[in-house]
Amino acid sequence: MPDYPLGVLIKHIQIQIGKSLNHRLEQMNITGSQAHVLVFLMNRTGQRTTLRDLEEHLQQSHVTVTGLVQRLVQKGFVEAQVDGRDRRCRLLTLTPKATGTLEVIHAHLQCTEEQLVQGFTPEERELLQQLLLKAAQNMAAPLPPTRNGPPIGPPPIEPC
């Protein structure tokens with residue numbers, strides 16, 4: 001078996017998951033990224049949710065998240081209202097159209113995950129999940145200090 005670096009394999013799998021999910025969601029006129037936004041908003045129903053909350057969840061830039069939300073607004077899945085307490089913020093809510101599609105989105109997400117682990121035993125699935133969680137935790141660890149002291153991170157961003 002070829003000896004691929006783990007990062008290359010993980011990236012390849014991520015790309016293939018995205019292609020598969022986008023193909024499944026094409027009939028709904030949304031992308032996998034847009035579906036993840038809708039699921040996030042559904043999980044926060046009843047909570048004040050801003051663009052900043054979405055940026056942090058997706059770990060994406062303001063510009064990227066703004067574009068995702070604008071497309072979902074244009075398609076009628078999301079409403080973005082100016083916050084009465086802070087006019088710089090936009091509060092995000094799902095529309096009835098989005099609420100009606102979430103079951104289908106969940107089914108497509110489940111099908112994509114089943115495709116990923118097709119042929120795995122339950123033990124292999126559990127082991128894969130444990131190993132990927134451990135790898136994710138390793139990558140989320142803070143950077144070690146450099147020879148010149150602690151690493152310089154991005155400036156703190158004030159929440160809105």
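Side chains included, hydrogens not; waters and symmetry mates left out as well; all remaining heavy atoms used. In this chain, residues are counted from 1 in sequence order.
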Flag yes if more than 12 heavy atoms outside Q27 fall under 6.0 Å of its CD atom; otherwise flag no.
yes
To the nearest 0.5 Å, atom CD1 of I15 lies from atom CD1 of I10 at 12.5 Å
For H62, what residues pass the ring pair (Phe, Tyr, Trp, His ring centres under 6.0 Å) criterion, not counting sequence neighbours?
none
Could you check whether atom CG of L9 has more than 12 heavy atoms from other residues, nucleotides or ligands sitting under 6.0 Å from it?
yes
What about L54 and L102, same hydrophobic cluster or not, with Ile/Leu/Val/Met/Phe/Trp/Tyr joined at side-chain heavy-atom distances under 4.5 Å?
yes
Which salt bridge (Lys or Arg N to Asp or Glu O under 4.0 Å) pairs, counting each pair once, include a residue from residues 60-73, with sequence neighbours left out?
none
Checking E114 now: which residues fulfil salt bridge (Lys or Arg N to Asp or Glu O under 4.0 Å) with it, not counting sequence neighbours?
R125
Please check if the number of heavy atoms outside Q47 that lie under 6.0 Å from its CD is greater than 12.
yes
Residue pairs, two or more places apart or on separate chains, that pass ring-ring contact (aromatic ring centres under 6.0 Å, His included) and touch residues 25-54
F40-H57
Should side-chain heavy atoms under 4.5 Å link Ile, Leu, Val, Met, Phe, Trp and Tyr, which residues sit in the same cluster as L127?
L131
By side-chain contact (heavy atoms from CB on, under 4.5 Å) - contacts of V104 (at least two apart):
M28, H108
I'd like to know if I105 and V73 are part of one continuous hydrophobic network [Ile/Leu/Val/Met/Phe/Trp/Tyr, side-chain heavy atoms within less than 4.5 Å].
yes
Heavy-atom nearest pair, Q115 first then S20, reads OE1-OG, 2.6 Å
Going by side-chain contact (heavy atoms from CB on, under 4.5 Å), name the residues that satisfy it together with R85, two or more places apart in sequence or in a different chain.
R48, D83
F77 CZ to T99 OG1 distance, which is reported to the nearest 0.5 Å
10.5 Å
Greater than 12 external heavy atoms within 6.0 Å of H23's NE2
no
dist L21:CG -> T112:OG1 (nearest 0.5 Å) comes out at 4.5 Å
What residues join L132 in its hydrophobic cluster, counting side-chain heavy atom gaps under 4.5 Å, either direct or through other members?
I13, I17, L116, V117, F120, L128
Side chains of Q130 and K134: does their closest heavy-atom pair fall under 4.5 Å?
no
Enumerate the residue pairs fulfilling salt bridge (Lys or Arg N to Asp or Glu O under 4.0 Å) with a member in residues 18-36, sequence neighbours excluded, ordered by first and then second residue.
none
Side-chain donor-acceptor pair under 3.5 Å between Q70 and Q74, yes or no?
no
Side chain to side chain donor-acceptor pair (under 3.5 Å) filter on T49, not counting sequence neighbours, yields R44
Residues forming a side-chain contact (heavy atoms from CB on, under 4.5 Å) with Q60, sequence neighbours excluded:
L58, T64, V65
Same apolar cluster: L72 and M42, side chain cutoff 4.5 Å:
yes
Any donor-acceptor N/O pair, N22 side chain to T31 backbone, under 3.5 Å:
no
CD (E124) with more than 12 external heavy atoms under 6.0 Å:
yes
As an exercise, state the distance from NZ of K75 to CG of N29, rounded to the nearest 0.5 Å.
4.0 Å
Distance-minimising heavy-atom pair for A80 and V69
CB-CG1, 4.4 Å
Nearest heavy-atom pair of C89 and T50: which atoms, and what distance?
CB-CG2, 4.5 Å
ILVMFWY cluster, V39 and L51 together (side-chain gap under 4.5 Å):
yes
For T95, which residues count as a side-chain contact (heavy atoms from CB on, under 4.5 Å) partner, sequence neighbours excluded?
E79, K97, A98
Has Q16 got more than 12 heavy atoms of other residues, nucleotides or ligands less than 6.0 Å from its CD?
yes
